[in-house]
Q: 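Take a look at the following structure, please.
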Amino acid sequence: MGRYVLRRLLLTIPVLLGASLLIFSMVYALPGDPIRALGGDRPLSEAVQAQLRAEYNLDDPLLIQYLKYLAGLVQGDFGTDFSGRPVLATILDRLPVTARLALVAVGFEILIGIAAGVLAGLRRGSFFDNLVLVSTTVVVSIPVFVLGFLAQYVFGVRLGWFPIAGISQGWYSYVLPGLVLAALSLAYVARLTRTSLAENLQSDYVRTARAKGLSEARVVGKHTLRNSLIPVITFIGADLGALMGGAIVTESVFNIPGLGRAVYDAVLRQEGAVVVGIVTLFVFFYIFFNLVVDVLYAALDPRIRYE
Amino acid sequence: MRTKRAAGAAVLMTGTLLLTACGGGGGEAGADGGGGTFSAYIGEPENPLVPGNTTETEGGQVVDALWTGLVEYDRETNEAVYTGVAESVESEDQKTWTVTLKDGWTFHDGTPVTAQSYVDTWNYVANSTNAQGNSYFFANVEGYEDLQAEEGKEPAGTEMSGLEVVDDTTFRVTLTEPYAQFPTTLGYTAFFPMPQAFFDDPEGFGEQPIGNGPFKADEAFQEGQGITLTRYEEFGGEEPAKAAGVEFRVYTEINTAYNDLQAGSLDVVGQIPPDAIASAEDQFGERFKTTPRGDITSLGFPTYDERFADPQVRRAFSMAIDRQAITDAIFQGSRTPAASFVSPVIDGHREDACDACELNVEEANRLLEEAGFDRSEPVDLWFNAGAGHEEWMQAVGNQLRENLGVEYQLRGDLQFAEYLPKQDEKGMTGPFRSGWIMDYPVMENMLGPTYSTAALPPAGSNVTFYSNEEFDAKLQEGNAADSVDAAIQAYQEAEDVLLADMPAAPLFYGLVQYAHSENVSDVHVNSFGRVEVEDVVVGSE
């Protein structure tokens with residue numbers, strides 16, 4: 001098991017290198033001149049533009065720029081954005097914020113998503129089951145920013161239950177954005193749980209358990225649910241990585257100063273170092289959480305073994 | 001549940017004078033002088049909060065609260081007034097200027113504001129190796145060229161020969177050419193002074209700046225979140241800030257800020273989202289305000305393109321656009337039709353300078369006919385993507401089609417970073433959107449940087465590539481004039497040349513629409529589009 005984890009971790013290195021080069025070339029390939037855009041309608045003086053281009057290696061070919069970036073990275077230098085602020089400082093400032101938001105979102109997925117899925121799965125065809133089906137369909141079909149502004153207007157402006165923007169009220173500030181961020185995945189989790197549970201309830205081993213005279217609670221709780229949750233946990237684990245990166249819209253709507261907002265701004269300004277730094281981090285999280293899921297898998301299902 | 005801030009606001013509204021603590025984002029009522037704290041919207045500043053490197057409005061709003069310039073601008077007339085650091089700015093020949101400072105001005109760290117502070121700061125900002133965005137504002141100071149380094153090299157010097165400290169409160173500025181408007185320019189951000197502390201630690205300074213203005217920064221700017229400033233009690237100006245503090249909150253989405261304003265947890269939003277303007281008026285009543293902003297939106301013509309080389313054609317295009325119809329239908333009153341190259345907030349603006357800015361379909365067609373314009377070919381209409389230009393550009397196109405019988409093609413797929421270089425390299429194949437925001441309220445600033453020969457790209461913003469000796473000469477004459485009236489006279493004559501040649505068609509003047517909560521009063525946005533935070537009073541009167 002230990003060796004397996006180590007091997008997987010070592011594998012992340014080439015993946016991250018490849019990913020960062022890919023992202024780097026994508027930013028590089030964006031048309032336009034970021035330094036010219038800094039000044040807007042009134043251009044910066046030519047000498048100042050030249051100075052900035054030299055500072056950010058923008059005159060070099062792509063590969064040289066990338067190698068210079070890597071060379072800095074090895075020494076712990078993540079580069080700076082166009083305003084001269086170190087990218088690492090931005091990441092360290094914003095990572096906890098996004099992590100908190102993702103955590104709240106996953107919390108909602110687990111609590112609400114699984115609960116709704118289990119109840120719907122146990123009572124197929126009931127009113128509640130239909131309610132879950134309809135409401136998840138609705139959620140899945142609404143764009144996130146519409147959902148965000150709607151939630152903000154109803155619960156923030158009209159009812160005044162939640163703060164609308166920012167993070168000045170601690171964890172409480174994360175509730176509404178967390179719910180909106182979770183909405184889509186939550187719907188999937190509910191559906192997935194329902195289907196998986198419904199399927200397993202038909203299986204032979206459940207019939208056997210029932211035939212042995214086990215209580216319904218034990219049949220569902222210990223035998224069925226545990227198996228049914230394997231695909232759900234896989235999904236949630238992979239989703240945690242995706243949530244970190246998927247927070248761009250939610251963070252903008254609720255004005256949460258996290259990584260998603262930073263990367264959005266950086267793409268608009270074509271700040272290669274910032275985009276590469278943060279997106280590579282997202283890729284790392286994605287890989288990392290997938291690894292955690294695989295390990296959890298073995299814990300849930302003794303038939304699965306890694307060596 | 002109500003937020004803590006709302007509770008704080010309620011206390012204020014009941015008229016309680018003993019404001020010892022008011023909730024919200026760390027808001028604190030003033031210990032001496034009173035006043036309370038309010039919050040205001042800003043977008044994310046692009047650069048560190050250093051005046052020499054602050055080129056956009058968002059950071060400019062904070063920098064404006066932290067600094068006071070040599071001169072300030074009258075809210076109504078926009079004339080330069082000597083309520084800032086300068087006692088006087090005088091010259092015999094409009095070329096060599098003597099700036100005399102008032103006594104008693106200090107930076108927030110307690111050090112005095114001296115002539116040396118200005119000279120040191122200006123030399124730093126002008127030096128191209130320091131890559132300050134506002135470097136070019138010193139281009140007309142003698143010796144500026146010595147501070148411009150070629151790529152990879154050191155500049156020839158680090159001090160401009162045109163700057164000379166006479167004594168602690170006096171310094172002399174020598175310009176390369178006479179410029180009578182020089183004193184008026186000195187209220188602009190680029191000319192703010194910085195203390196020694198900046199040169200010791202530029203990076204730290206950028207996050208927690210030390211200015212000489214009505215508010216000071218007790219903490220660093222939090223990227224993505226904002227900064228809270230408190231009143232500077234040793235302020236050197238006549239009137240200290242009325243509020244004890246101001247919290248600038250950074251928002252990515254203006255809609256979110258507007259929602260926060262509606263919910264009462266944000267006090268001032270200096271810019272209403274376009275969709276909300278109609279309802280904002282009803283909702284906020286007298287707390288919704290509109291004020292002119294010193295800018296202009298024009299339809300630039302590629303004078304380098306054969307089809308648009310003839311002034312007749314350009315005048316015809318201008319005459320075919322019904323500006324009023326577009327402002328009514330698309331801008332919901334957030335713009336006004338333009339009939340001059342100069343914003344109405346600037347002294348010397350003439351209301352109907354431009355006869356070709358009136359809709360005149362008949363005359364327009366006659367001119368096109370005379371010029372032999374080929375109407376069978378569609379014209380390209382250029383604008384940058386994602387900035388809300390598509391709708392009105394399309395309206396312009398529809399009017400050209402209807403009034404001139406010319407088909408059009410929208411070319412709006414370039415991002416700003418692509419659009420600007422394309423303009424600079426004569427890449428526009430048809431009329432294009434162009435805009436200008438004044439740096440200081442002087443006619444020259446709306447004409448020179450955009451239409452003079454000296455401002456041809458890459459040096460400046462003359463993206464129509466218009467060049468006319470007569471215009472340049474008139475501008476020069478205005479610059480050298482020894483009275484305001486004479487200068488305005490010359491600038492207006494320069495504008496007349498422009499109006500005859502029409503390198504661009506003036507379309508709209510900007511308006512700022514803003515609103516504030518019941519928590520504050522005396523909220524004004526000036527013609528630079530900035531909230532005058534030092535005048536805001538917390539609590540209604």
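Reckoned from all heavy atoms, side chains included, excluding hydrogens, waters and symmetry mates. Lettering of chains follows the sequences in order, A, B, ..., and the numbering in each one begins at 1.
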Q: Relative to chain B, which segment of A:E251 carries a heavy atom at a distance below 4.5 Å: side chain, backbone, both, or neither?
A: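 Looking at A:E251, nothing touches chain B.
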Q: Identify which part of B:A149 has an atom lying under 4.5 Å from any heavy atom of chain A, answering side chain, backbone, both or neither.
A: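 B:A149 touches chain A through backbone heavy atoms alone.
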Q: Flag the one option from A:G258, A:A37, A:S252 with the top tally of heavy-atom pairs under 4.5 Å to chain B.
A: A:S252
Q: Where along residues 178-185 of chain A does a heavy atom come under 4.5 Å of chain B, listed by residue number?
A: none
Q: Side chain, backbone, both or neither: which part of B:E56 has a heavy atom under 4.5 Å from chain A?
A: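 Neither; nothing under 4.5 Å.
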Q: Picking from B:A139, B:A417, B:G224, B:G133, which has the most non-hydrogen pairs under 4.5 angstrom with chain A?
A: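 The candidate making the most pairs under 4.5 Å is B:A417.
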Q: To the nearest 0.5 angstrom, please state how far the CG atom of A:L30 sits from the CD atom of B:Q415.
A: 9.0 Å
Q: So, taking the atom named CD in B:E253 and the one named CZ in A:F145, what distance separates them when rounded to the nearest 0.5 Å?
A: 9.5 Å
Q: If you round to the nearest 0.5 Å, how far is CG of A:L38 from CD of B:E46?
A: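 Taking CD in B:E46 and CG in A:L38, the distance rounds to 6.5 Å.
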Q: Examine whether an atom of B:F137 lies under 4.5 Å from a heavy atom of chain A, and if so say whether it belongs to the side chain, the backbone or both; otherwise answer neither.
A: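 The side chain, not the backbone.
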Q: Looking at CG of A:L44 and CG of B:N53, how far apart are the two atoms once the value is rounded to the nearest 0.5 Å?
A: 8.5 Å
Q: Are side-chain heavy atoms of B:D439 and A:R42 found at a separation under 4.5 Å?
A: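 B:D439 vs A:R42: side chains touch.
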Q: Given that the side chain runs from C-beta out, which part of B:V250 has a heavy atom under 4.5 Å from chain A: side chain, backbone, both or neither?
A: both
Q: I need the single residue from A:I256, A:I167, A:D93 that forms a side chain to side chain contact (heavy atoms under 4.5 Å, CB included) with B:Q225. Which is it?
A: A:I167
Q: Apply the test side chain to side chain contact (heavy atoms under 4.5 Å, CB included) to residues B:E223 and A:R94: give CA-CA distance (whole Å), side-chain angles for both, the deciding distance (0.1 Å), then the verdict.
A: CA-CA 9 Å; B:E223 196 206 18; A:R94 293 178 174 233; 3.4 Å; yes
Q: Please report the shortest heavy-atom distance between A:P43 and B:S461, naming the atom on each side.
A: CD-OG, 3.1 Å
Q: Within the 4.5 Å heavy-atom criterion, are A:F149 and B:N259 side-chain neighbours or not?
A: yes
Q: With chain B as the partner chain, list the residues of residues 265-285 of chain A whose heavy atoms fall under 4.5 Å from it, by residue number, and write 'none' if nothing qualifies.
A: A:R269, A:Q270
Q: Once side-chain hydrogen bond (donor to acceptor under 3.5 Å, both in side chains) is applied, what residue pairs with a partner in residues 29-41 of chain A remain, sequence neighbours excluded?
A: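 Residue pairs with at least one partner in residues 29-41 of chain A: A:D33-A:R53, A:R36-B:D424.
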Q: Do other residues, nucleotides or ligands put more than 12 heavy atoms under 6.0 Å from A:F288 CZ?
A: no
Q: Checking an interface table here. Which of residues 74-86 of chain A come within a heavy-atom distance under 4.5 Å of chain B?
A: A:D81, A:F82, A:S83, A:R85
Q: For B:P449, which atoms come within 4.5 Å of any heavy atom of chain A: side chain, backbone, both, or neither?
A: side chain
Q: Working to the nearest 0.5 angstrom, can you tell me the gap between A:I164 CD1 and B:L261 CG?
A: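 These two atoms lie 9.5 Å from each other.
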Q: Using a 3.5 Å distance criterion without hydrogens, assess whether the side chain of B:T256 forms a donor-acceptor pair with backbone atoms of A:V253.
A: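 Yes; judged by distance alone, with no hydrogens or angles, the pair exists.
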Q: So which part of B:S135 gets closer than 4.5 Å to some heavy atom of chain A, the side chain, the backbone, both or neither?
A: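 Answer is side chain: those atoms of B:S135 sit under 4.5 Å from chain A.
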